[in-house]
Amino acid sequence: MKLKTINKINSIEDLKPDDIVKSCPYVEHGVYFAIDGVHCCVNGTFYSPIIASNDELNNKTIDYNTIIQRRKDIFTGINGITTNDVGCCKNCCNLVEKKFRDVRFDILGGEHLPGGMGIQHYTMCNYRCTYCCYAIENKFDKPQYNILDFLNIYKAKNKLKGNNWIDFSGGEPAMLNNIDEILQYFYKNNLGTVVIYSNASIYSKKIFELLKKNKIILTTSLDTGMFSTYQKLRGTNAFPKTIENLIKYRNSGTNNLWLKYVITESNRTEDDLWSFLLAMLAIKPNKVMISPDFPYGDKEIPQETVKFAAKLWYLLEKYLGVDVIDYTSSMGDIKFRNYQKALFNEINSMKTKAPLSKETILSYPPISPKIAERFKFIKEIFSVNNENNHKVIKILGIKLKFKISN
């Protein structure tokens, strides 16, 4: 049933188990560590109110019960039980109707939500991307608090759950001094899938090692395959270094190298599209993400962006056979929902006019980790080398030398 007596309910305690309410998994048990404090979520242009401030975390004055109460305050504001200001949450597309008995505020995480656990408590970066709000505001700050302090509040109550999708962005993660400590915490507590968003201009041995073991997903926005566009978009001439590092990461044999294309007015050209496709054919990412430039404020997502995204998506499937991901899938703003509908209509129209065929897909994928390990094993037990005028054969540690005659 619907909440017909909503105006007569004065508190959350008045709700009955079978009452139908509006709720959201992010409000209930999501977390996003932002530069201005901890939110339940930050999804594109929408975000929840703060549930823990920087000062509270730094001074250790925030506790479990206060955090839970603030989540409940957002929930009651959404449902009109109180007049709490809930900002973007009131009109978010991620709201769903459910029975009150199924609403749960006590845990953190436990659900494989896109952006269900996000890290962006700093903005320091070596790039100055034209579509980045921090670059536009010239706001490049070091970490504002220790995110582990917040997680430990739930852990102490045995309420920190795994199976999360953890977006580790920034800023540039490779610039963090304690990135190893944070990653170790995630693995030690079995918190879930970690996606590191790095521009890849700074090579990280730690990232390479984790990619090699398929313990993380690395996502890098190239946004073009052209040096000139890259320099214009990113405010740096680091394109060659980025490509070099991506090749190194690719050579780890990982199954988790993802590349990304953020579509703006300046990289919406045929040159950028085809140069990016050729770069993808060379690097062979495991997945490719596509995203429009975020429509903050009164901005809308242009139809030109929709058409470009659809064409790029179609051609990536046509030539690489790669999985393509819509980066906006969890965004709460209705603008993104309208974009998604238009995007997939355009893609389906292209596939109807020119159906995809396996004959066009590049059939030489990178060497898999299993095959690479077999070659390594064979090399360890059997090798043939030349030493001066001798042929040296090594079998199971035993060397046999033969003089080479004319």
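- One N or O on the side chain of N79 and one on the backbone of K22 form a donor-acceptor pair closer than 3.5 Å.
- Judged purely by atom type and a 3.5 angstrom limit, N84 uses its side chain to pair as donor or acceptor with the backbone of D73.
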Would N267 and T224 count as a side chain to side chain donor-acceptor pair (under 3.5 Å) if you check the C-alpha gap in whole Å, the side-chain angles of each, and the deciding distance to 0.1 Å? CA-CA 7 Å; N267 68 344; T224 183; over 6 Å; no
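- Y64 is linked by a ring-ring contact (aromatic ring centres under 6.0 Å, His included) to Y154, counting only residues two or more places apart in sequence or in another chain.
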Side chain to side chain donor-acceptor pair (under 3.5 Å) between S252 and T254, worked out: CA-CA 5 Å; S252 69; T254 185; 4.6 Å; no
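- In terms of the ring-ring contact (aromatic ring centres under 6.0 Å, His included) criterion, residue partners of F105 (sequence neighbours excluded) are, by chain and number, F75.
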Just do the side chain to side chain donor-acceptor pair (under 3.5 Å) check on D326 and T328 with the steps written out, would you? CA-CA 5 Å; D326 170 28; T328 72; 2.8 Å; yes
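- T123 places a side-chain N or O within donor-acceptor distance of the main-chain N or O of K139, the cut-off being under 3.5 Å.
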Residues 241-249 side chain polar contacts: donor-acceptor under 3.5 Å, at least two apart:
residue	atom	partner	partner atom	Å
K241	NZ	E244	OE2	3.4
T242	OG1	Y127	OH	3.1
T242	OG1	Y230	OH	3.3
T242	OG1	A238	O	2.9
N245	ND2	A200	O	2.8
N245	ND2	S201	O	3.3
N245	ND2	K241	O	3.4
Y249	OH	S204	N	2.8

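- Distance alone, capped at 3.5 Å, places no donor-acceptor pair between the D102 side chain and the K98 backbone.
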Which donor-acceptor pairs under 3.5 Å do the side chains of residues 293-312 make with protein atoms, sequence neighbours left out?
residue	atom	partner	partner atom	Å
T305	OG1	R268	NH1	3.0
K311	NZ	E270	OE1	3.0
K311	NZ	E270	OE2	2.9

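- With E137 contributing its side chain and A135 its backbone, the two residues share no donor-acceptor pair below 3.5 Å.
- Between D272 and S275, the side chains place no donor N or O within less than 3.5 Å of an acceptor N or O (distance only, hydrogens not considered).
- For the residue pair T236 / Q231, no side-chain donor-acceptor distance below 3.5 Å is found, with atom types taken as modelled.
- Not a single ring-ring contact (aromatic ring centres under 6.0 Å, His included) links H29 to another residue, sequence neighbours left out.
- A salt bridge is absent between R234 and E172; no separation between the charged side-chain nitrogens and carboxylate oxygens falls under 4.0 Å.
- Applying the side chain to side chain donor-acceptor pair (under 3.5 Å) test to pairs two or more places apart or on separate chains, those with a residue in residues 348-358 are E317-K351.
- Distance alone, capped at 3.5 Å, places no donor-acceptor pair between the N189 side chain and the L191 backbone.
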Pair E56-R70, salt bridge (charged side-chain N to carboxylate O under 4.0 Å, His left out): steps then yes or no: CA-CA 14 Å; E56 288 173 326; R70 287 176 182 172; 2.8 Å; yes
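- A distance-only check finds a donor-acceptor pair linking the side chain of N256 to the backbone of I216 [under 3.5 Å].
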Which is it for D19 and K99 under the salt bridge (charged side-chain N to carboxylate O under 4.0 Å, His left out) test, yes or no, and what are the steps along the way? CA-CA 5 Å; D19 283 342; K99 290 184 178 180; over 6 Å; no
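- The number of heavy-atom neighbours closer than 6.0 Å to OH of Y47, taken from other residues, nucleotides and ligands shown, is 12 or below.
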